S.K.: 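Take a look at this one; I'll ask things after.
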Amino acid sequence: MDIDLSAQNVTKVFEEFTAVDNVSFEVENGRFFSILGPSGCGKTTLLRMIAGLTEPTKGRIEIRGENMIGISPNKRPVNLIFQHLALFPMMDVGENIAFGLQRRGEGRETIKRKVSAILDSVDLSGFDKKKIEQLSGGQQQRVAIARCLVLEPTVLLLDEPLGALDLKLREQMKVELKKLQAKIGTTFVYITHDQSEAMVMSDYVAVMHNGKFEQIDTPQNLYNKPQTPFVAQFVGDNNIWSGKIRKAEGLSAEIETDDGSVFKTKVDKALKPGLEVNLFLRPEAMVIEPDKCIEDLNRFEVIVKSILFDGANSRLLANPVNANTEILIALPQNRQYDYIQINDKIEIGWNKKSGICFKKNED
Amino acid sequence: MKTEIKKQFRWGLLFFLTPVLLWLILLIVLPQIDLFVMSFRSENDAGEMVWSITNYLNFFHEPIYWLTFVRTATYSILVAFFTFVIALPVAFYITKVVKPRFQGSLTLLLLLPFWVSEMVRVYGWMILLRESGVINHFLLKLGLMTEPIEMLYRDSTMILGLVYTSMLFMVVPLISVLDSLDDSLIEAAYDLGANMWSILFKIIIPHATPGIVSGSIVVFMLTLGNYLTPNLMGGKNSLWFTEQIYNQFIASFNWNQGSAFGFLLLFLSSLVIWIGLKLSRQTLSKVVQ
């Protein structure tokens with residue numbers, strides 16, 4: 001597949017502060033690529049460098065193999081959808097969408113045809129004479145997308161455009177954006193701090209932290225095989241135990257946690273006994289009251305502190321017996337566990353394949 | 001009980017309003033009414049004061065009067081335009097280019113000249129520009145000229161002075177209106193392929209129109225009613241309409257004619273502003289916000 005966007009060793013330094021630190025990645029044609037990171041991790045700076053609104057201190061940015069460094073934003077084949085959309089309030093919907101086409105000097109008839117065609121494809125036909133402030137949040141969103149797509153950019157950049165919407169609309173727009181991208185086939189580069197947005201929509205997600213990419217992978221791999229402790233913690237919920245390796249044998253190890261439990265888990269690479277580690281475990285990797293006959297499970301007892309009901313995403317908040325650490329356990333809503341009450345003592349089991357183990361950071 | 005409080009409140013209000021009302025009525029409303037009445041009275045052939053509109057007709061019959069007004073109004077519009085052209089980059093620089101922590105001090109620098117009176121500032125310009133002035137002195141010293149030239153008492157000098165005097169009244173509304181312009185709109189336009197000029201004409205000026213119009217109205221009115229600057233920098237040739245009014249009151253001692261001119265100035269300048277508002281599709285209530 002063709003590479004639409006490629007960044008090589010891109011670095012941006014703002015007086016003593018390195019916002020983007022030696023980032024390299026490639027995005028193939030037609031992909032939905034997300035950059036996920038907490039606020040202040042440098043993702044907006046990276047996006048602005050691709051759009052040309054900020055010049056990188058070092059590194060190369062190529063679009064379809066052409067170097068973009070030194071080319072101003074109005075000459076680049078990329079368009080950016082701003083966080084607050086930046087629709088022009090002094091123009092109506094049609095004029096907003098026609099703005100880019102007029103700057104290219106396209107004919108009046110062509111512009112008219114293209115504007116109505118793009119309004120059709122974002123389900124806003126007949127809206128061209130409306131004022132921006134007459135539109136709802138979701139409609140404004142679609143106008144902003146149409147305004148960029150009408151220019152047929154090689155890459156469409158999106159800077160957290162769903163951030164300002166309410167939850168229901170955001171869920172709806174997530175699916176709509178994904179469908180729209182599949183329909184038109186333009187390469188999307190989407191930045192967000194919301195992991196659910198990134199996971200639902202993207203083909204590939206890059207997790208960014210302190211100006212660096214921690215991992216670039218499919219959403220499934222990010223969730224199931226995080227490569228760094230940051231990714232394990234940031235993507236999805238995770239329970240963390242800190243502890244020490246007691247015994248190690250090839251790719252399996254026995255860990256004694258600080259709260260006194262002993263767990264067997266697989267490890268990605270051989271670790272020496274005595275090493276300080278963090279053990280990560282997903283809430284849904286834990287089974288409540290497992291059958292006695294299942295072997296090869298780590299079993300321990302907890303006391304239920306609170307039941308966090310949230311539909312399909314319900315959890316139990318519990319303390320291991322004799323310890324104060326809090327752990328989250330998935331609570332399937334199939335009525336099997338309705339009997340569980342606060343302060344009940346229950347047994348929890350998990351398979352050693354579910355654990356993820358990282359060497360403890362020195363910091 | 002309730003009515004008592006109401007009564008007290010009314011008395012209190014009246015007490016505090018009295019000085020203002022006295023000021024307004026005695027010093028502004030009454031003299032204006034008197035002048036207005038006076039403007040409709042003139043001497044008949046027998047030398048008696050009678051009601052007539054001769055004073056107003058004079059304005060239209062004597063070309064020197066209405067031509068002076070047309071000249072004054074045209075120059076005032078020109079001054080407003082030049083002020084806008086100079087003030088827009090200044091306001092843009094202060095609001096969008098400089099770091100926020102310097103914005104305050106730069107605005108203060110703009111205000112600084114206005115701490116001294118207009119008279120002093122105009123004399124400052126005269127020291128610079130006159131035949132034996134600073135600029136001529138330097139140009140002669142540098143050998144760029146052999147003879148000093150008189151830079152004062154020209155229309156262009158007068159316009160320079162008027163633009164300088166009214167700069168602030170354009171910069172301040174422009175700063176406030178540009179401050180409210182979201183930077184991302186400019187970036188979005190740039191990203192969508194706009195160059196500097198289309199950003200200026202499609203984004204910045206449409207957004208700034210209320211500020212431009214309110215600044216222009218203030219500058220236009222102040223320039224039209226300015227007496228000092230045209231008189232000192234334009235000299236005898238300045239032919240400013242306020243000088244005509246001054247002449248009627250002071251030189252000819254014809255108060256009736258002078259007050260008629262005064263009201264014509266008020267009426268005609270309001271008319272110009274009304275036309276300007278219609279042309280820029282703005283409403284007064286939106287502009288004065």
Side-chain angles (χ1 to χ4, degrees), chain A residues 14-15 44 47-54 68 71-92 95-106 111 118 132 140 143-153 155-161 163-164, chain B residues 84 88 91-93 95-103 173-216 276-283 285-287 289:
Chain A
F14 293 111
E15 306 164 11
T44 300
L47 203 72
R48 289 173 61 86
M49 286 194 283
I50 301 170
L53 297 166
T54 309
M68 284 292 132
I71 294 179
S72 59
N74 52 354
K75 305 261 162 40
R76 294 191 186 198
V78 292
N79 288 115
L80 174 60
I81 293 177
F82 286 78
Q83 192 164 11
H84 300 293
L85 307 179
L87 296 172
F88 306 132
M90 56 290 258
M91 305 177 197
D92 62 26
E95 287 169 331
N96 259 285
I97 295 173
F99 184 84
L101 296 170
Q102 282 164 353
R103 303 283 81 74
R104 281 188 189 168
E106 295 200 21
I111 293 178
I118 201 81
I132 296 301
Q140 292 189 357
V143 173
I145 293 168
R147 187 175 71 173
C148 289
L149 285 182
V150 79
L151 299 172
E152 291 161 3
V155 180
L156 184 67
L157 309 170
L158 301 100
D159 183 3
E160 304 197 35
Chain B
F84 162 68
L88 186 67
F92 187 82
Y93 185 79
T95 49
K96 300 289 166 200
V97 183
V98 234
K99 290 194 176 125
R101 63 195 153 113
F102 294 125
Q103 273 177 17
L174 282 183
I175 284 180
S176 84
V177 83
L178 285 182
D179 226 17
S180 70
L181 175 66
D182 189 356
D183 291 2
S184 66
L185 288 187
I186 297 172
E187 287 180 338
Y190 197 22
D191 182 66
L192 290 166
N195 57 24
M196 201 181 92
W197 294 111
S198 43
I199 291 174
L200 179 66
F201 288 110
K202 295 279 176 184
I203 309 293
I204 296 173
I205 291 183
H207 176 89
T209 310
I212 296 170
V213 173
S214 76
S216 301
L277 283 171
K278 284 288 155 229
L279 285 179
S280 62
R281 294 204 199 103
Q282 298 288 313
T283 56
S285 55
K286 207 168 129 196
V287 162
Q289 266 176 10

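Treat the numbers as computed from the prediction; the structure is a model and nothing was measured. In the text below, chain A, chain B and the rest are named by the order of the sequence lines, each starting its count at 1.
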S.K.: Leu85(A) versus chain B, heavy atoms under 4.5 Å apart: side chain, backbone, both or neither?
M.R.: neither
S.K.: For the OH atom of Tyr190(B) and the CZ atom of Arg76(A), what is their distance to the nearest 0.5 Å?
M.R.: 9.5 Å
S.K.: What pair of heavy atoms forms the shortest contact from Asn74(A) to Ala194(B), and how long is it?
M.R.: ND2-O, 3.0 Å
S.K.: Kindly compute the distance separating CD1 (Ile204(B)) from CE (Met90(A)), expressed to the nearest 0.5 Å.
M.R.: 9.0 Å
S.K.: Taking all non-hydrogen atoms of both residues into account, name the closest pair between Ser184(B) and Phe82(A) and its distance.
M.R.: CB-CD2, 3.8 Å
S.K.: Measuring from Leu192(B):CG to Gln102(A):CD, what's the distance to the nearest 0.5 Å?
M.R.: 11.5 Å
S.K.: Only pairs at least two apart or in different chains count here, so list each salt bridge (Lys or Arg N to Asp or Glu O under 4.0 Å) that has a residue in residues 197-211 of chain B.
M.R.: none
S.K.: Once rounded to the nearest 0.5 Å, what's the spacing between atom CG of Leu87(A) and atom CG of Asp182(B)?
M.R.: 11.0 Å
S.K.: Give, for atom CZ of Arg103(A) and atom OG of Ser198(B), the distance between the pair rounded to the nearest 0.5 Å.
M.R.: 4.5 Å
S.K.: Tell me, side chain or backbone of Leu80(A) under 4.5 Å from chain B's heavy atoms, or both, or neither?
M.R.: both
S.K.: Do Pro89(A) and Leu185(B) make a side-chain contact, defined as non-hydrogen atoms from C-beta onward lying under 4.5 Å apart?
M.R.: yes
S.K.: Checking heavy atoms, do the side chain of Phe88(A), its backbone, both or neither come under 4.5 Å from chain B?
M.R.: both
S.K.: Suppose the criterion is salt bridge (Lys or Arg N to Asp or Glu O under 4.0 Å): which pairs have a residue in residues 183-192 of chain B, not counting sequence neighbours?
M.R.: Arg48(A)-Glu187(B), Lys96(B)-Asp183(B)
